[in-house]
Amino acid sequence: MIELDGSSWHPTKDTARALKECVRKLYTQAYHSWSEIPNSICQAMFNNFKTMCTWESRYNLVIGTTFERKASTRLSNWLKSVRDSGELPGWMLPHIFAELGQYWKTDKFKAILYQAKMARGSLKGGSLHTGGAKTVGTIAREMEKELGHTPIEPEVFKKTHVRKKENKSDPDVWVEERAERTFNDFHKYVAENLDSSVQLTPELSTQIWKEKVVGGTHKGRCYGLGSRNDVRHLQSGLEGIGSSRQAEALDGVQIVAMSDQITKLTAALAESERKRVAEQQSMSETVQQIKEQVMNLAYRPTTLAPDDTDDTDDESDEDDYVDLTP
């Protein structure tokens with residue numbers, strides 16, 4: 001069962017073996033790159049892959065995209081290995097080897113090689129690491145078991161970008177200058193901008209790494225994350241794996257902002273519900289009191305007003321009195 005691992009998958013060895021068998025088996029013409037292979041052939045390769053591996057249906061689109069991306073990379077690496085060795089590999093037909101050999105001698109291909117060389121030698125640097133065949137996600141899981149906690153971003157980065165030491169006392173030797181500079185920039189940013197009371201969680205360290213240290217993503221990739229990069233361009237021409245439209249993933253800032261908004265809305269909803277229940281209870285009590293008052297009035301005994309006729313007569317007599325005294 002394949003499980004997602006950022007922009008890669010797990011387990012890596014079994015799926016890599018299946019992908020290699022599916023692609024090499026149907027590489028029957030001298031295709032110079034994955035993009036030159038007809039979609040029908042790519043579809044047949046993926047169909048074979050589906051018979052060898054399984055995954056949850058909700059991951060169809062991501063698995064299909066990952067298959068195409070990895071197949072493209074692996075094919076390029078295999079062809080480079082054949083070109084460098086100059087020997088016919090067991091998985092390639094002789095006439096294909098001969099056609100590729102002729103193509104690699106052309107000025108067109110030499111121009112492509114030169115352009116790639118310039119790109120690797122740019123000031124930005126490459127993305128060398130010491131992980132070998134292991135993905136960064138696999139190394140991070142191994143570190144979690146070893147340390148007893150989830151490692152933060154610079155810990156994983158140092159593990160994968162510092163060469164193995166013969167002695168523990170030996171100084172760190174980074175695979176490239178850019179790696180050491182990036183590692184130091186992270187700790188400098190944390191020291192200057194993060195309060196000592198704030199806990200540097202794995203999530204926060206990754207957010208700082210992506211947004212404040214390495215300058216975000218480029219074509220869906222972020223320097224140092226390796227296979228843990230999110231698959232941003234989810235598109236594929238293969239049938240049966242989902243839509244071919246792009247589905248851009250939300251970046252860290254948007255996710256944090258949305259999480260905060262959800263928390264606030266949830267709290268506001270709970271407060272509104274509490275007030276509603278309190279008002280309903282108060283209204284019920286008021287209605288009950290009114291009912292009790294009405295019942296008391298309905299059963300109260302009635303009394304007649306006192307007869308004041310005598311008083312009226314007395315007053316009349318007094319008004320009619322005539323004093324006869326001379």
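Just the heavy atoms: all of them, side chains too, but no hydrogens, waters or symmetry mates, feed the values below. Nothing here was measured: the structure is a model prediction, and the numbers come from that model.
We find that Arg17 and Asp14 are joined by a salt bridge, their nearest charged nitrogen and carboxylate oxygen being less than 4.0 Å apart. Classification of Asp172 and Arg163 as a salt-bridged pair fails, no side-chain N sitting under 4.0 Å from a carboxylate O.
Counting only heavy atoms from C-beta outward, the side chains of Glu87 and Val82 never approach each other to under 4.5 Å. Here the side chains of Leu26 and Asn48 are in contact, with some heavy-atom distance below 4.5 Å. Looking at heavy atoms from C-beta onward, Arg83 lies in side-chain contact with Phe109 at the 4.5 angstrom threshold.
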May I have the list of side-chain donor-acceptor pairs in residues 278-293 shorter than 3.5 Å, sequence neighbours left out?
from: Gln280; atom 1: OE1; to: Arg276; atom 2: NH1; distance (Å): 3.3
from: Ser284; atom 1: OG; to: Gln280; atom 2: O; distance (Å): 2.9
from: Thr286; atom 1: OG1; to: Ser282; atom 2: O; distance (Å): 3.0

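How far CG of Leu75 is from CD1 of Ile37: 5.5 Å, rounded to the nearest 0.5 Å. A distance of 8.0 Å separates CD of Glu142 from NZ of Lys159, quoted to the nearest 0.5 Å. The line from CD1 of Ile152 to CG of Leu204 is 9.5 Å long, rounded to the nearest 0.5 Å. In this structure, CZ on Phe46 lies 10.5 Å from OG1 on Thr51, to the nearest 0.5 angstrom. Annotation: the span from Phe67 atom CZ to Thr15 atom OG1 amounts to 11.0 Å, rounded to 0.5 Å. The SG atom of Cys42 sits 6.5 Å away from atom CD of Glu68, with the distance rounded to the nearest 0.5 Å.
Residues Val213 and Asp185 share a closest heavy-atom pair of CG1-CB, 4.1 Å. Minimum heavy-atom separation, Trp34 to Ala71: CZ3-CB, 3.5 Å. Scanning both residues, Met92 and Leu100, for their nearest heavy atoms gives CE-CD1, 3.7 Å. Minimum heavy-atom separation, Ala30 to Glu99: CB-OE1, 3.5 Å.
No side-chain donor-acceptor contact under 3.5 Å links Asn167 and Ser169. There is no side-chain donor-acceptor pair under 3.5 Å between Asn39 and Gln43.
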Note to self: Please evaluate residues Trp55 and Asn60 with respect to the criterion side-chain contact (heavy atoms from CB on, under 4.5 Å), reporting the C-alpha separation (whole Å), side-chain torsions for both, the decisive distance (0.1 Å), and the verdict.
What the structure shows: CA-CA 8 Å; Trp55 55 84; Asn60 280 342; 2.9 Å; yes

Check: Can Trp104 and Leu79 be said to form a side-chain contact (heavy atoms from CB on, under 4.5 Å), step by step?
Finding: CA-CA 10 Å; Trp104 291 334; Leu79 294 179; 4.3 Å; yes

Next item on the list: Determine, stepwise, if the pair Leu200 / Ile208 fulfils side-chain contact (heavy atoms from CB on, under 4.5 Å).
Entry: CA-CA 10 Å; Leu200 189 60; Ile208 293 174; 4.2 Å; yes

Next item on the list: Determine, stepwise, if the pair Thr160 / Val175 fulfils side-chain contact (heavy atoms from CB on, under 4.5 Å).
Entry: CA-CA 9 Å; Thr160 56; Val175 295; over 6 Å; no

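Ser205 places a side-chain N or O within donor-acceptor distance of the main-chain N or O of Glu153, the cut-off being under 3.5 Å. For Thr206 (side chain) and Pro202 (main-chain N/O), a donor-acceptor pair under 3.5 Å exists by modelled atom type. A donor-acceptor contact shorter than 3.5 Å is absent between the side chain of Tyr31 and the backbone of Ser35. Under the 3.5 Å distance criterion, the side-chain polar atoms of Asn184 are left unmatched by any main-chain donor or acceptor of Arg181.
Checking each of Glu144, Met143, Arg141 against Thr150 for a side chain to side chain contact (heavy atoms under 4.5 Å, CB included) leaves exactly one that passes, namely Glu144.
Sequence neighbours left out, the pairs with a member in residues 72-82 that pass side-chain hydrogen bond (donor to acceptor under 3.5 Å, both in side chains) are Lys80-Asp84.
Ring to ring, His32 and Tyr103 are close: their centroids are under 6.0 angstrom apart.
In the displayed structure, Lys13 atom NZ is contacted under 6.0 Å by at most 12 heavy atoms of other residues, nucleotides or ligands. Few gaps surround CD on Glu271; more than 12 heavy atoms of other groups in view lie less than 6.0 Å from it.
Using the six-membered ring where Trp is involved, Phe183 and Phe157 have ring planes that are parallel, under 30° apart on the 30 and 60° scheme.
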